[in-house]
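All of these numbers come straight from a predicted model, not from anything done at the bench. Numbered from 1 within each chain, the chains take letters A, B, ... in sequence-line order.
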Amino acid sequence: MAKTLPRNAEIADQLDLLADISEILGEDSFRVIAYRRAATRIRETPGPVAELALSGHAKDLPGIGKTIEQKVVEIVNDGEMHALAKRRQSVPAGVVDFLRLPGIGPKTAARIWTELGVTTLDGLQEAAASGRLRDLSGLGARSEEKVLKALEAGAGRKAPAEDRGLLGAALPAVKAVVEELRAHPAAIAVSEAGSVRRRRETVRDLDFIATSADPPALIASFCEAPWVAEVVARGDTKATVLGHQGLRFDLRVVEPECFGNVLQHFTGSKGHNVALREEAQRRGLSISEYGVTTVGTGEVVTHADEDALYEYLGYQPIPPELREDSGELEAARERRIPPLVEPGDLRGEMHAHSTWSTDAKATIEEMVLTAKARGLSYLCLTDHSHYLRDGRLEAQWREIDDVNARSGRGFKVLRGIEVNIRADGSLDVDDDVLAELDWVIASLHTAFDRSPTERILGAMDSPHVDCIGHLSGRRILKRPGAEVDVERVVEHAVATGTALEINSQPDRLDMRDTHARLAGEAGVLIPVVTDAHSTAALSYAELGIGLARRAWLTKEQILNTRTWAQVAKLRKRA
DNA sequence: GCCGTTTTCGGCCCGACTGTTTTCAGTCG
C-alpha cells in the first residue's frame, strides 16, 4: 500500500520547529529566515508539497531550493527531517515553548536554559517567582513580572492560532468604527488596515489609519467612544483600546502627505512588505512607513495615495486582498493584476435555506424580501434534503410557486436542494426527484474521515449534481475539515461540469482562498453563496466576495454574477 | 538556505519599543 504523504501543515510545522531550535542554538539567522519562509510558502500551497518534492518540483516554489526539497523527502521516508531529529537531541523541548512568551526571544530562551539550567515552563515560572531570572544580565524585576503574568494567562501552553477571531465577527465592528471616525469633524481620511483590510479569514488586532486636522481630538473621540471597554495605550498620534467583546482596536493618526505610505505599511502582509522592500532595495530604494528614500541621494518621496505609491515603485496598484507574497508583485510589475469581482456584481443567491429546514429561521417570503432588497434577482432555495421527505418537498414547491406568483416579475425563487453525500458515497435523494430540480448542491455533512475525496468525485459523476457545497466541511477555529484532494476534485469538476461553491458562512469560508484560486485557474465555475439560514445571513456574501478576491477571481469566474437564464444554460444538464 | 535588471558569491526589510543600561541588544510587527 502506498505511504500516506505528510500534509503541508505538518511539513511547515517541522520547518518552523527547525527554525525555532536553530535560532536557540544561535545558528546563522539567514538560514532560519529561509526555513520560516519555506514553511509559510508550503502552508499556503494548495496542492500536496510532498508529492512535488518526490517528483523534484518542490524547488519550483519560491523560497524552496534543493536542500529544503530534500528535507521534505526525508519527512516522506522517515517521518522527520534529519536535521530536526538531530537538533531535537540537543535542545530540551520545553525551551522552545519559552519563545511563545512575550519579550522572550531565542537569545533569552537560550540563556535561561544554559545559564540557569531551566528547561520547562514550570521551571521558568518558579525561577521568575523566586527572583532568579534577574541573575541574567539584561533581565530585571520587570521581566520577571511580565513572564509570570503571561504564564498565569496560559501563554506558551496553547497554540498561537487560538487568540484569533473570525473575520465575520470583527468586520461589522471595524466598519462601525471607520464610519464613526469619518463622521468626526477633525477627521480628514480614515481607513481600515491590517489583516481585516486584506479580508483574512481570521484576525487578531484591528488596525485603523487616519489623517486629521486635530489628531488629539480624534484620538480622544476614539478612546472615549461608548463601545470602548478599556484604553490600553493613549498618545497624541496613536491609541489602543479594547472593545466589550475583547476585540483590540489600534488607531494611528498621521500627516496627510504620507497617508499612502502608512496605509500600505500597516495593511501588510508582512511577507508582501518584505518582498516589496527587497525588490526596491535592489534598485537603490529604501521603503518604510515614512516614505521611499533614494539611497544614493537621501531624497525622500511620500505619497498621500496608496495607488500612487505602487505606481511610483513601478507596480500596477495591488488590491489589499492579494498582498500575501503569492505572485502579486510580479503580476503587478507586468500589469497582470486582474479586475477582481466586487460585491455589487452578484445577481443571485444560489445556496439558502428557509424554515423548511428546521435549523433555519426565516420563511421563503422573508428570504425573498431581503434578497430583493440586496439587489438580487433570484434565489435558489436549497433546503436540506432530510427535512423534505414524505411529501414535504412537493409542499415546499407549492409555497415556492405562491411566493413567485406574489413577487411578480423581476425576482424568481428556484427549486433547489442540498443533498447529503452519505458515508458510502451515495446521495440521500433519488435521481428521479433530483431530475426535477433547478439547482442541486451535494455536501458532506458527516463521516468526514471516510474517503471524502472519493465520495465527492462520485457525487460529481451524477448528472443531477450541479454543485459541491462547502468542499472541506471545516469549521474555522473549531474543526479542520476533511482531507480532500483538491487537485483531483478540481480536475473532476472541470471534466464533469460541476460547480464548486465559495461558502460565505463566517466559520466556513470554504473552499479556502488557495483552493478557490486553483479552481478558478482551472476554469471551474464558482458561485459565491451565503448558505443563509436567516435573512441577516444573506449579508455574509461580502465575506465570500472577500475570499473570492483573495483567490484572484474576476466577475466572469463567479457563476452567480450572471442572470438565472445565463446560469441555467451553463448547467451540465442544459 | 535562497537567490540574481550590478552578483552563481555575497548579500539578505525597516523602524519602534522595551528593559536595562549609560549606548544597546533583543524583541516585535
Side-chain angles (χ1 to χ4, degrees), chain A residues 15-16 18-20 22-24 26-42 58-72 81 83-84 98-112 133-147 150 155 160 163 193-195 198 203-207 209 232-233 235 237-238 240 248 250 252 254 258 261-262 264-293 295-296 300 313-314 325 329-330 333-334:
Chain A
L15 275 168
D16 272 330
L18 178 61
D20 285 345
S22 303
E23 217 172 9
I24 290 167
E27 295 179 19
D28 175 36
S29 60
F30 293 111
R31 195 165 60 199
V32 170
I33 290 170
Y35 289 152
R36 291 201 200 286
R37 272 189 185 197
T40 303
R41 177 68 56 199
I42 288 168
K59 51 184 178 295
D60 297 346
L61 298 168
I64 309 223
K66 240 173 91 177
T67 310
I68 289 180
E69 177 170 276
Q70 183 52 38
K71 287 179 167 22
V72 175
M81 297 180 299
L84 177 58
F98 296 173
L99 299 178
R100 312 282 164 248
L101 299 172
I104 297 190
K107 301 277 198 310
T108 311
R111 291 176 56 217
I112 293 171
L133 220 50
R134 69 187 72 176
D135 293 348
L136 297 177
S137 68
L139 267 69
R142 290 292 307 270
S143 308
E144 289 173 345
E145 219 172 285
K146 242 170 75 176
V147 164
D163 54 355
S195 51
R198 302 199 313 277
V203 298
R204 194 168 46 200
D205 306 335
L206 312 178
D207 296 310
I209 311 293
V232 177
T237 60
K238 187 182 152 180
T240 300
R248 190 185 167 96
D250 221 329
R252 281 159 215 269
V254 304
C258 62
N261 302 88
V262 177
Q264 195 285 321
H265 174 80
F266 285 104
T267 296
S269 65
K270 186 181 172 192
H272 173 84
N273 284 353
V274 168
L276 183 76
R277 288 165 182 200
E278 281 177 354
E279 289 196 351
Q281 201 198 32
R282 277 179 228 129
R283 292 182 293 144
L285 299 173
S286 171
I287 303 175
S288 81
E289 59 264 52
Y290 300 108
V292 181
T293 307
V295 177
V300 180
L313 293 169
D325 189 25
L329 288 173
E330 189 186 357
R333 247 187 345 255
E334 298 163 1

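- Contacts of A:Ala83 with the nucleic acid, taken as non-hydrogen atoms under 4.0 Å apart, are absent.
- The C1' atoms of B:dC13 and B:dC3 are separated by 16 Å, rounded to the nearest whole Å.
- The 5' end of DNA chain B is approached more closely, in terms of each residue's nearest nucleotide, by A:Ser288 than by the other of A:Ser288 and A:Ser143.
- We find that CD of A:Glu334 is positioned 12 Å from P of B:dT5, with the value rounded to whole Å.
- Remark: the separation of the P atoms in B:dC12 and B:dT23 is 27 Å, to the nearest Å.
- Taking atom CD of A:Gln264 as the reference point, atom P of B:dG29 lies 19 Å away to the nearest angstrom.
- Residue-level contact check: A:Leu15 touches neither bases nor backbone, having no heavy atom under 4.0 Å from any strand.
- The side-chain heavy atoms of A:Thr67 and A:Lys59, taken from C-beta on, include no pair separated by under 4.5 Å.
- The residue A:Leu276 sits apart from the nucleic acid: no heavy atom pair falls under 4.0 Å.
- Note: CD1 (A:Ile33) to P (B:dC2) measures 13 Å, nearest angstrom.
- If you take atom P in B:dT7 and the same atom in B:dT21, they sit 47 Å apart, rounded to whole Å.
- To the nearest whole angstrom, the two P atoms, one in B:dT20 and one in B:dG10, are 41 Å apart.
- When distances are taken from the side chain of A:Tyr290 to each of B:dG15, B:dC13, B:dG26, the shortest belongs to B:dG15.
- Side chain of A:Lys270, nearest nucleotide from B:dG1, B:dG29, B:dT20: B:dG29.
- At least one side-chain heavy atom of A:Arg36 sits less than 4.5 Å from a side-chain heavy atom of A:Asp16.
- Pairing of B:dC12, defined by two Watson-Crick or G-U wobble distances under 3.5 Å, is identified with B:dG1.
- Here A:Glu289 does not pair with A:Arg252 in a salt bridge; the nearest charged N to carboxylate O distance is not below 4.0 Å.
- The pair A:Asp325-A:Arg41 counts as a salt bridge, with a side-chain nitrogen and a carboxylate oxygen less than 4.0 angstrom apart.
- Of the candidate nucleotides B:dC2, B:dG26, B:dG19, B:dG19 has the atom nearest to the side chain of A:Arg142.
- If you measure from atom CD1 of A:Ile68 to atom P of B:dC2, you get 4 Å, rounded to the nearest angstrom.
- The separation between A:Ile287 atom CD1 and B:dC12 atom P is 15 Å, rounded to whole Å.
- Atom pair A:Leu206:CG and B:dG29:C1' shows a separation of 15 Å (rounding to whole Å applied).
- If you check B:dG1, B:dG19, B:dG26 against the side chain of A:Lys146, the one that comes closest is B:dG19.
- When the P atom is used for both B:dT6 and B:dG11, the distance is 16 Å, rounded to whole Å.
- For A:Ser286, the side-chain atoms get nearest to B:dC14 when compared with the rest of B:dG1, B:dT27, B:dC14.
- Inter-residue side-chain proximity for A:Asn273 and A:Gln264 is flagged as met; some heavy-atom pair is nearer than 4.5 Å.
- For A:Arg333, the CZ atom is densely surrounded, since the number of other residues' heavy atoms within 6.0 Å is greater than 12.
- Side-chain nitrogen and oxygen atoms of A:Arg31 include at least one within less than 4.0 Å of the OP1 or OP2 phosphate oxygen of B:dG1.
- With DNA chain B read from its 5' end, the first of the two nearest nucleotides for A:Ser137 and A:Pro106 is the one closest to A:Ser137.
- In this structure, A:Ile42 places its CD1 atom 10 Å from P of B:dC2, rounding to the nearest Å.
- Contact check, A:Lys71 against B:dG1: a side-chain N or O comes under 4.0 Å of OP1 or OP2.
- Residues A:Leu15 and A:Met81 form a side-chain contact, since some pair of their non-hydrogen atoms from C-beta on lies under 4.5 Å apart.
- Within the 4.0 angstrom heavy-atom criterion, no nucleotide atom of any strand lies near A:Asn273.
- Using P as the reference atom, B:dG4 and B:dT8 are 13 Å apart when rounded to the nearest Å.
- Here the C1' atom of nucleotide B:dC3 and the CZ atom of A:Phe30 are 13 Å apart, to the nearest Å.
- Minimum atom distance to the side chain of A:Glu289 is reached by B:dG15, of the listed B:dT27, B:dC28, B:dG15.
- Closest to the A:Gln281 side chain, of the nucleotides B:dC14, B:dG26, B:dG1, is B:dC14.
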